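Okay, structure first, notes after.
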Amino acid sequence: MKNLELSRIFEQIARILKIKGENPFKIRAYEKITLVLENLPIDIETIYRQGGLSNIPGVGAGIAKKIEEFLTTGKLEYYEKLKETIPSGVIELLDISEVGPKTAKLLYEQLDIDNIEKLEKAVRQHQIKDLPGMGEKSETNILRGIELYKRRKERFLLGLALPLAEEIVENLSHLKETNKISFAGSLRRKKETIGDIDILVTSQRPETIMKTFTYLPQVKEILAEGPTKSSIIIKDDIHVDVRVVEPISFGAALQYFTGSKAHNIKLRELALKRNLKINEYGIFDVKTDRRIAGEREEEIYQILNLPFIPPELREDRGEIEAAQENKLPKLIEYSQIRGDLHLHTKWSDGAHTIRQMVEAAKKRGYKYIAITDHSQSLKFAGGLTEERLGEQIELIQKLNQELKDLTILTGIEVDIKSDGSLDFSDEILSKLDVVIAAIHSGFKQESKIITERIVKAMQNRFVNIIAHPTGRLIGYRESYQIDINKMMNMAEKTGTILEINAYPERLDLNDVYCRMAKDKGVQLAIETDAHSADGLATMDLGVAVARRGWLEEKDIINTLPLDKLLKRLKRK
DNA sequence: GCCGTTTTCGGCCCGACTGTTTTCAGTCG
């Protein structure tokens with residue numbers, strides 16, 4: 001799939017045009033197509049072959065031609081020429097906070113600075129403070145920007161940032177000056193990774209909130225402190241922004257700070273067509289400047305004649321258009337999950353016993369779980385031999401006799417070996433309720449081979465589910481070179497279920513692929529892959545991914561009651 | 001560069017904070 005590759009090229013074009021001081025709206029057009037391509041649940045080559053490029057929002061004649069050129073020749077002349085005009089190191093300067101396009105251009109033209117090392121040297125030698133618009137403060141700020149850049153890790157996992165945000169919200173919510181409080185931004189949209197934490201507070205006394213915030217024990221550094229908006233750095237170099245508005249503006253501010261930027265722009269354009277103006281304080285009549293609403297978030301959508309759009313959908317992936325036609329999906333709810341079908345225990349590499357996992361599942365109100373330890377060839381993970389698996393099945397049968405409200409299903413996470421064969425015979429697999437097949441080796445095989453492995457596994461009639469289908473680990477490992485289209489088509493054909501692995505580093509399938517699966521008529525299972533009792537709690541991250549992927553209750557098999565689930569699993 | 005039940009040309013989201021300014025540009029989200 002060339003979607004991401006093309007997206008990166010357009011992103012670079014936008015950055016170069018910014019430094020060159022091009023028409024900002026032209027730049028916006030390139031930034032828009034960058035996001036659109038990133039979020040497109042269909043292979044761009046497929047769309048091109050079907051002649052549908054012009055149906056993609058943000059693609060006009062100019063960009064369509066460029067996409068075509070890249071897909072047919074593998075190159076883009078416009079981009080190649082553009083790259084020659086600005087050294088790549090100058091573009092990288094934009095990654096330093098405090099340095100924007102104007103500053104980058106100034107530094108390059110006046111002092112011939114074309115990489116970050118040169119910038120640091122120039123600042124330390126006090127060369128930049130005499131440039132127009134620069135001063136002493138600019139020096140310290142740019143140095144801090146470089147420092148942060150060097151220390152910067154990738155974006156933060158949702159599973160890591162969420163508890164930190166909840167802690168700060170908890171701290172501030174105790175103040176008597178705090179009226180309402182919520183986190184917003186990508187965290188509220190439940191994006192898989194978070195750039196920073198945004199918190200919104202309503203209060204009649206913003207100055208008290210600001211003071212308390214900047215004095216929180218978590219604070220490592222204060223980046224900015226204004227009367228209604230402050231910014232700090234906490235551990236792991238995570239940025240936290242707090243914004244205070246009056247109670248009457250809470251809904252508008254929440255909507256505004258939740259974003260995404262692209263969603264908000266589209267919403268505001270929609271408002272302008274009706275002579276309405278939206279900002280973080282409310283929704284106003286353009287002519288009279290009269291305030292129409294803003295206390296509740298729902299009002300913003302209502303006034304535009306739209307149903308409420310859940311935060312997880314606000315990415316400008318067609319949700320506003322769907323809302324206009326009243327065709328928003330009825331998203332799966334966190335409470336609709338009835339069980340977890342991918343769990344490990346002490347029998348292989350898990351930390352807890354089957355009984356302990358049962359207790360954890362009961363606390364979550366589950367009706368069933370499947371025990372799916374590793375299979376024999378995964379020696380380092382204590383994979384079960386045929387004999388051990390037999391013993392486990394017996395134990396589970398015994399346990400089920402004493403259990404009342406919850407049923408344990410027998411299962412295995414069977415390894416798909418390098419040659420595409422499975423780690424157990426059909427005879428053994430046929431005895432189990434749930435067979436999950438997964439790849440744990442040969443990640444670097446070329447696309448054709450690794451795709452063939454998975455396709456072959458799906459054709460085995462005892463395999464119910466494919467675990468972590470793309471194999472990516474966020475921030476650590478790219479996905480395997482698997483042909484997603486082929487995999488999904490085969491899943492559809494064989495009725496194989498694809499997993500949404502809720503492990504914080506995995507979230508695999510991701511939101512975009514979830515939507516692709518739904519469009520192809522493939523069902524999914526949200527599973528934690530928990531290796532301990534605590535691990536069951538990550539289910540919520542998996543549900544968040546599903547919601548971001550527009551999935552509904554009917555798309556997810558572990559929303560089914562037990563009898564229907566067993567019927568669905570049976571393909572034997 | 002895109003886009004159109006006010007437009008095929010003339011628009012294109014909106015505001016806070018900072019620092020270097022004498023009223024505003026740059027950056028950020």
Side-chain angles (χ1 to χ4, degrees), chain A residues 10 13-14 16-19 21-34 36 53-67 78 82 93-107 128-142 144-145 148 184-187 189 194-200 206 210 222-231 239-245 249 252-253 255-284 286 300 316 324:
Chain A
F10 287 129
I13 289 176
I16 296 172
L17 294 179
K18 266 189 200 172
I19 293 174
E22 266 275 4
N23 175 359
F25 300 106
K26 184 173 174 178
I27 294 165
R28 210 179 101 184
Y30 281 108
E31 285 177 335
K32 183 175 162 67
I33 191 61
T34 298
V36 168
L53 284 184
S54 61
N55 296 330
I56 302 174
V59 176
I63 286 178
K65 228 177 139 195
K66 291 187 173 70
I67 293 175
Y78 175 67
L82 211 52
L93 295 180
L94 297 180
D95 291 333
I96 308 285
S97 93
E98 308 286 337
V99 178
K102 298 287 193 303
T103 311
K105 186 171 191 231
L106 185 74
L107 292 168
I128 69 151
K129 73 171 163 47
D130 299 326
L131 292 175
M134 297 285 200
E136 304 249 328
K137 276 281 187 179
S138 317
E139 276 189 353
T140 47
N141 284 341
I142 289 178
R144 182 175 64 192
L148 283 173
S186 50
L187 202 60
R189 301 200 312 279
I194 305 298
D196 56 19
I197 296 174
D198 295 300
I199 293 174
L200 176 70
M210 287 294 96
I222 299 171
L223 290 178
E225 187 180 7
T228 64
K229 184 182 169 186
S230 293
S231 185
H239 288 226
V240 185
D241 294 334
V242 162
R243 181 68 185 273
V244 184
V245 296
S249 296
Q255 196 289 319
Y256 174 75
F257 288 111
T258 297
S260 67
K261 192 173 169 179
H263 174 90
N264 284 357
I265 289 176
K266 189 161 271 182
L267 211 60
R268 286 167 186 216
E269 284 171 351
L270 209 63
L272 273 180
K273 281 182 195 153
R274 299 170 188 228
N275 279 317
L276 298 169
K277 185 180 77 169
I278 303 174
N279 59 28
E280 58 260 59
Y281 302 111
I283 181 160
F284 299 86
V286 170
I300 307 293
D316 191 20
Q324 284 173 317

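Within every chain, numbering begins at 1; the chains are lettered A, B, ... in the order of the sequence lines, protein sequences first and strands thereafter. Since the model is a prediction, treat every value here as computed from it, not as a measurement.
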For dC28(B), which nucleotide in any strand shown is its Watson-Crick or wobble partner with both distances under 3.5 Å?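 Because both required distances fall under 3.5 Å, dC28(B) counts as paired with dG15(B).
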Out of [options], which nucleotide sits closest to the side chain of [X]?
{"X": "Asp241(A)", "options": "dT20(B), dG29(B), dC14(B)", "answer": "dG29(B)"}
{"X": "Ala29(A)", "options": "dC2(B), dC14(B), dT20(B)", "answer": "dC2(B)"}
{"X": "Tyr281(A)", "options": "dC13(B), dA16(B), dG1(B)", "answer": "dA16(B)"}
{"X": "Asp198(A)", "options": "dC2(B), dG29(B), dC14(B)", "answer": "dG29(B)"}
{"X": "Lys261(A)", "options": "dG15(B), dG29(B), dG1(B)", "answer": "dG29(B)"}
{"X": "Ile265(A)", "options": "dC17(B), dC13(B), dG15(B)", "answer": "dC13(B)"}
{"X": "Tyr30(A)", "options": "dG15(B), dG1(B), dC12(B)", "answer": "dG1(B)"}

So what does [X] hit on the nucleic acid, given a heavy-atom distance under 4.0 Å: a base, only sugar-phosphate, or nothing?
{"X": "Pro227(A)", "result": "sugar-phosphate"}
{"X": "Ile33(A)", "result": "nothing"}
{"X": "Glu22(A)", "result": "nothing"}
{"X": "Ala61(A)", "result": "sugar-phosphate"}
{"X": "Thr228(A)", "result": "sugar-phosphate"}
{"X": "Pro24(A)", "result": "nothing"}
{"X": "Lys277(A)", "result": "sugar-phosphate"}

So do Ile63(A) and Phe10(A) actually touch side chain to side chain, heavy atoms under 4.5 Å?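 Of all side-chain heavy-atom pairs linking Ile63(A) with Phe10(A), at least one is under 4.5 Å.
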Please examine the side chains of Leu82(A) and Leu17(A), heavy atoms only from C-beta on, and report whether any two atoms are closer than 4.5 Å.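 In contact.
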How many angstroms lie between CD1 in Ile67(A) and CG in Leu53(A), if you round to the nearest 0.5 Å?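 Answer rounded to 0.5 Å: 5.5 Å.
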Any chance you could measure Asp198(A), atom CG, to His239(A), atom NE2, to the nearest 0.5 Å?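 Going from CG on Asp198(A) over to NE2 on His239(A), the span is 11.5 Å.
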Looking at [X], does any N or O in its side chain come under 4.0 Å of the phosphate oxygens OP1/OP2 on [N]?
{"X": "Arg243(A)", "N": "dC17(B)", "answer": "no"}
{"X": "Asn141(A)", "N": "dG19(B)", "answer": "yes"}
{"X": "Asn279(A)", "N": "dG15(B)", "answer": "yes"}
{"X": "Lys229(A)", "N": "dA16(B)", "answer": "no"}
{"X": "Ser97(A)", "N": "dG29(B)", "answer": "no"}
{"X": "Lys129(A)", "N": "dT20(B)", "answer": "no"}
{"X": "Lys26(A)", "N": "dG11(B)", "answer": "no"}

I need the [atom1]-[atom2] distance between [X] and [N], as an integer number of Å.
{"X": "Arg144(A)", "N": "dG19(B)", "atom1": "CZ", "atom2": "P", "result": "8 Å"}
{"X": "Ile96(A)", "N": "dC28(B)", "atom1": "CD1", "atom2": "P", "result": "10 Å"}
{"X": "Leu107(A)", "N": "dT27(B)", "atom1": "CG", "atom2": "C1'", "result": "14 Å"}
{"X": "Lys102(A)", "N": "dC24(B)", "atom1": "NZ", "atom2": "C1'", "result": "13 Å"}
{"X": "His239(A)", "N": "dA16(B)", "atom1": "NE2", "atom2": "P", "result": "22 Å"}
{"X": "Arg28(A)", "N": "dG11(B)", "atom1": "CZ", "atom2": "C1'", "result": "11 Å"}
{"X": "Phe257(A)", "N": "dC14(B)", "atom1": "CZ", "atom2": "P", "result": "15 Å"}
{"X": "Lys273(A)", "N": "dG11(B)", "atom1": "NZ", "atom2": "P", "result": "16 Å"}

[atom1] gap between [N] and [M], integer Å:
{"N": "dC13(B)", "M": "dC3(B)", "atom1": "C1'", "result": "16 Å"}
{"N": "dG11(B)", "M": "dA16(B)", "atom1": "P", "result": "26 Å"}
{"N": "dG4(B)", "M": "dT8(B)", "atom1": "C1'", "result": "8 Å"}
{"N": "dT27(B)", "M": "dT21(B)", "atom1": "P", "result": "15 Å"}
{"N": "dT23(B)", "M": "dG19(B)", "atom1": "C1'", "result": "14 Å"}
{"N": "dT5(B)", "M": "dG1(B)", "atom1": "P", "result": "24 Å"}
{"N": "dT6(B)", "M": "dC2(B)", "atom1": "P", "result": "23 Å"}
{"N": "dC12(B)", "M": "dT7(B)", "atom1": "P", "result": "16 Å"}

Exactly one of Arg189(A), Gln255(A), Arg268(A) should register a side chain to side chain contact (heavy atoms under 4.5 Å, CB included) with His263(A). Which one does?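 The passing option is Gln255(A).
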With respect to Leu93(A), which candidate in Val99(A), Ile142(A), Thr103(A) satisfies the side chain to side chain contact (heavy atoms under 4.5 Å, CB included) definition?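 In the set Val99(A), Ile142(A), Thr103(A), the residue that makes a side chain to side chain contact (heavy atoms under 4.5 Å, CB included) with Leu93(A) is Val99(A).
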Looking at the base of dG29(B), is there any donor atom on it, or on the side chain of Tyr256(A), that sits under 3.5 Å from an acceptor on the other one?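 Yes, the side chain and the base share a sub-3.5 Å donor-acceptor pair.
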Give a yes or no on whether a donor-acceptor pair under 3.5 Å exists between the nucleobase atoms of dG1(B), that is its base, and the side chain of Asn23(A).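 For Asn23(A), whose side chain was compared with the base of dG1(B), there is a donor-acceptor pair (under 3.5 Å).
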Should Glu31(A) and Lys18(A) count as an ion pair when the cut-off is N to O under 4.0 Å?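 A salt bridge links Glu31(A) with Lys18(A).
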Under the 3.5 angstrom rule, does the side chain of Asn264(A) hit a backbone N or O of Tyr256(A) as a donor-acceptor pair?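 Confirmed, Asn264(A) side chain pairs with Tyr256(A) backbone.
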Between Thr103(A) and Glu225(A), who's closer to the 5' end of DNA chain B by nearest nucleotide?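 Of the two residues, Glu225(A) wins.
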Quick check on DNA chain B: between Lys137(A) and Asn275(A), whose nearest nucleotide comes earlier from the 5' end?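 Going by which nucleotide is closer to the 5' end, it is Asn275(A).
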For dT21(B), is chi within 90° of 0 (syn) or not (anti)?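 Nucleotide dT21(B) adopts anti.
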Working for side chain to side chain contact (heavy atoms under 4.5 Å, CB included), residues Tyr30(A) and Lys66(A): CA-CA 11 Å; Tyr30(A) 281 108; Lys66(A) 291 187 173 70; 3.4 Å; yes
